[in-house]
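This report concerns only the one structure given below.
Because the structure is a prediction, the values reported are computed rather than measured. Naming: A, B, ... by sequence-line order, numbering from 1 per chain.
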Amino acid sequence: MRMSQYFLPTLKENPAEAQIVSHRLMLRAGLVRQTSAGIYAWLPLGFRVLKNIERIVREEQNAAGAQEVLMPTIQSADLWRESGRYDAYGAEMLRIKDRHDREMLFGPTNEEMITVLFRDGVKSYRDLPKNLYHIQWKFRDEVRPRFGVMRGREFLMKDNYSFDIDRAGAIRSYNNMFVAYLRTFARMGLKAIPMRADTGPIGGDLSHEFIILAETGESAVFCHKGLIDKDILGRTIDYAADLQPIVNEWTSLYAATDEKHDKDVFEKIPESERLAARGIEVGHIFNFGTRYSKPMNAVVAGPGGEQITVEMGSYGIGVSRLVGGIIEASHDAAGIVWPESVAPFKVAIVNLKPDDGAVSGACAKLYDTLQAKRVEVLHDDRDLRPGAKFADMDLIGIPWQIIVGPKGLAAGKVELKNRRTGAREELPIDQLAQRFG
RNA sequence: CGGGGCGUAGCGCAGUCUGGUAGCGCGUCUGCCUUGGGCGCAGAAGGUCGUCGGUUCAAAUCCGGCCGCCCCGACCA
C-alpha cells in the first residue's frame, strides 16, 4: 500500500476522551474512530490488525477440531425464554422490536442459538463430539463503556460451544480449548496466563480466564512467576491425544484473580517467585454440563437407544479487545510496537526524498519486489519531511522500517530498522528483499 | 446505577464568573524555502459556540429542559 493514497488519519495530539495508552494510540495511529459510547468504526489499519488476530484464532480453532459457522447478530426473544435467560439477563441485553412488534435482541452471546442448531442437527451419540465456533459481533449494553475497544458495548468475539456424550468427553473438549488458547495467545506475542475463575451467570463448575499482564489491567492478579516463561509453541500438540498433562502443567502453579485469590496459599510460594500484578482478560473457557442442554432438551440417542442430555462447554476470545490488549502489552513512548504476527504490515519503506528520482526509483523497485513476494509492505511515498515520516512510522508500529535516503543510496545501501529494538543495520539494497518473504 | 466533570474550527484548548466584533496552538490548503527525527517564511480556508426554549435592545456568556461524551466506584468477553 502506498501511504500517499491510504486512509490513515494519524493525530499528533491525544484526543481528550482517551485515558489509557492503548485507546490513545489506537486513535492517534488511525486504527479506529468512536461513533457512540463503546461503539467503534475500524479504519483500514486497525481492520487489518483485527483480521490478523481473527486469522490466528481461526487457525488454532480449526487445528483443535472446531468447525466454523456464522450465526446472526439478531436473535428472537423466544429463544431466550426457552433457556430462562430472557428475563434474567437484565439491562445489558439490547432488546428491539421489529415492524410486526416481535421481540428481538442483539445477541450478547450464543448459547441458546447454538443449542437449537445442535439439537435440530444431531440425534445420535455417534455424531459426538462436536465443537462449533463463530466469530461475530456481540452487543452488551454496558453501564459504563470505557478504555476504548477494551470495554466496548459492541465487540467482536470468537465463541464456541462443545457437545459431548459424557463428562469425560466434555473435559477432553475443555482441555483441547485450554491448549488451543495457550497457543492462540502465544502466537500473538502475548503471555496469557490461565487462572481459575468463577463461572458467573453462565453457570458450570470448571472455568479458566486467560489473562495478559498489563499495568492498566482491570483486575489484580496473583501468580507464580514460573508461568510467565512457560512455552507452548515449541511443542507438538496432538489434539486427539490426552492433553490433561499439559493442562496440569499450567494449572499446577498458583494463579488467581483477586476474586479467587487465596492469600495463605500465595504466601507459601517463595517471595522471589511471587508475582502480584494487574491483568486483562482476553479469553474465558467454561464447562457448564447440562445448564443449557437440559432446559432446551438437547439430547441424543445413546448406544442402547436411551436419551442422553449432552454435556456442553463454551469458550470465548475477545477478538476486538485483543487489539487494545496487545497494544497495552507492546508499546513505547513513540507509539505501538506490533508483534509481527498481527502487524498491519510487516515492512515499511520510508522514502526520505520523494522528489529525488534515484531515491524514489529505488523505493518503487523495492516495493514491487516485496509485493511480488507477497510481503505486506507499506510505502511511505508522501511528500513530507523525514522527521514527520519517522514519527508516523514509529507511531503505527510497523515491525521493520526500510529507510531509503540519498546518502546511503549513493553507496548502494539502505538502512533497516527494527521497531522493537531500535537496532539499525546498513544493507546493500539488492540484498534486502531476501530478508523478507 | 451512585458520585464528579465536559460539550466553542479536524485535534488540543482559551473566552463564560462581570452579556456587546469568536480567539490561540497544532493540523489542512496555496506559494516559496528546506529535506536523516513532527523545519522556516508569507498568505488562505474552516465555527448556526451540542440542542430546544426563556430573559434581554443584545446571549458562547444569564436561567430552564433535553441530548451527547468522559472520569471514579459497583458490574462485566
Only pairs with both distances under 3.5 Å count, Watson-Crick or wobble alike; so what is the partner of B/A60 in this structure?
none

Give the rounded distance in Å between these two atoms: CG of A/Asp383 and P of B/U34.
14 Å

Only pairs with both distances under 3.5 Å count, Watson-Crick or wobble alike; so what is the partner of B/G7 in this structure?
B/C67

Write down the distance between CZ (A/Arg382) and C1' (B/G27), rounded to a whole number of angstrom.
13 Å

In whole angstrom, give me the gap between the P atoms of B/A45 and B/G10.
16 Å

Please classify the nucleic acid contact of A/Glu13 as base, sugar-phosphate, or nothing, using heavy-atom distances under 4.0 Å.
base

A cation-pi test, strictly: NZ or CZ of A/Arg274 under 6.0 Å from the centre of the six-membered ring of A/Phe222 and no more than 45 degrees from its axis. Yes or no?
no

Would A/Glu13 and A/Arg28 pass as an ion pair if we require N to O under 4.0 Å?
no

Could you check whether A/Asp356 gets within reach of a base, just the sugar-phosphate, or nothing at all, counting any heavy atom under 4.0 Å?
nothing

Do any N or O atoms from the side chain of A/Tyr254 and from the backbone of A/Asp262 form a donor-acceptor pair under 3.5 angstrom?
yes

Counting the atoms with a prime plus P, OP1 and OP2 as sugar-phosphate, which does A/Gly316 contact under 4.0 Å by heavy atoms, base, sugar-phosphate, or nothing?
nothing

For residues 395-410 of chain A, which side-chain N or O atoms pair as donor and acceptor with protein atoms under 3.5 Å away, sequence neighbours left out?
{"from": "A/Trp400", "atom 1": "NE1", "to": "A/Glu340", "atom 2": "OE2", "distance (Å)": "2.8"}
{"from": "A/Gln401", "atom 1": "NE2", "to": "A/Asp394", "atom 2": "OD1", "distance (Å)": "2.9"}

Kindly state which residues belonging to residues 39-75 of chain A come within less than 4.0 angstrom of RNA chain B, counting heavy atoms of the residue only, listed by number.
none

With the sugar-phosphate defined as primed atoms, P, OP1 and OP2, and the base as all remaining atoms, what B/S/- string results for nucleotides 37-44 of chain B, 5' to 3', for protein heavy atoms under 4.0 Å?
BBB-----

Let's test this: given Watson-Crick or G-U wobble pairing with both distances under 3.5 Å, identify the partner of B/A42.
B/U30

Answer with base, sugar-phosphate or nothing: what part of the nucleic acid does A/Gln34 contact at a heavy-atom distance below 4.0 Å?
sugar-phosphate

When both distances are under 3.5 Å in a Watson-Crick or G-U wobble arrangement, the nucleotide paired with B/C75 is none

Classify A/Ser36 by what it touches in the nucleic acid, base, sugar-phosphate, or nothing, heavy-atom distance under 4.0 Å.
sugar-phosphate

Using atom CG of A/Leu8 as one end and atom C1' of B/C11 as the other, report the distance to the nearest whole Å.
15 Å

Does this structure show an ion pair linking A/Glu425 with A/Arg435, if we count only N-O contacts that are shorter than 4.0 Å?
yes

A/Arg146 CZ to B/G4 P, in whole Å, measures 18 Å

What is the separation between atom CZ on A/Arg144 and atom P on B/C70, rounded to the nearest whole Å?
9 Å

Within the structure shown, what part of the strands sits under 4.0 Å from A/Gly152 by heavy-atom distance: base, sugar-phosphate, or nothing?
base

Under 4.0 Å between a Lys/Arg side-chain N and an Asp/Glu carboxylate O for A/Arg95 and A/Glu103?
no

Which one is paired to B/C24, where only Watson-Crick or G-U wobble pairs with both distances under 3.5 angstrom count?
B/G12

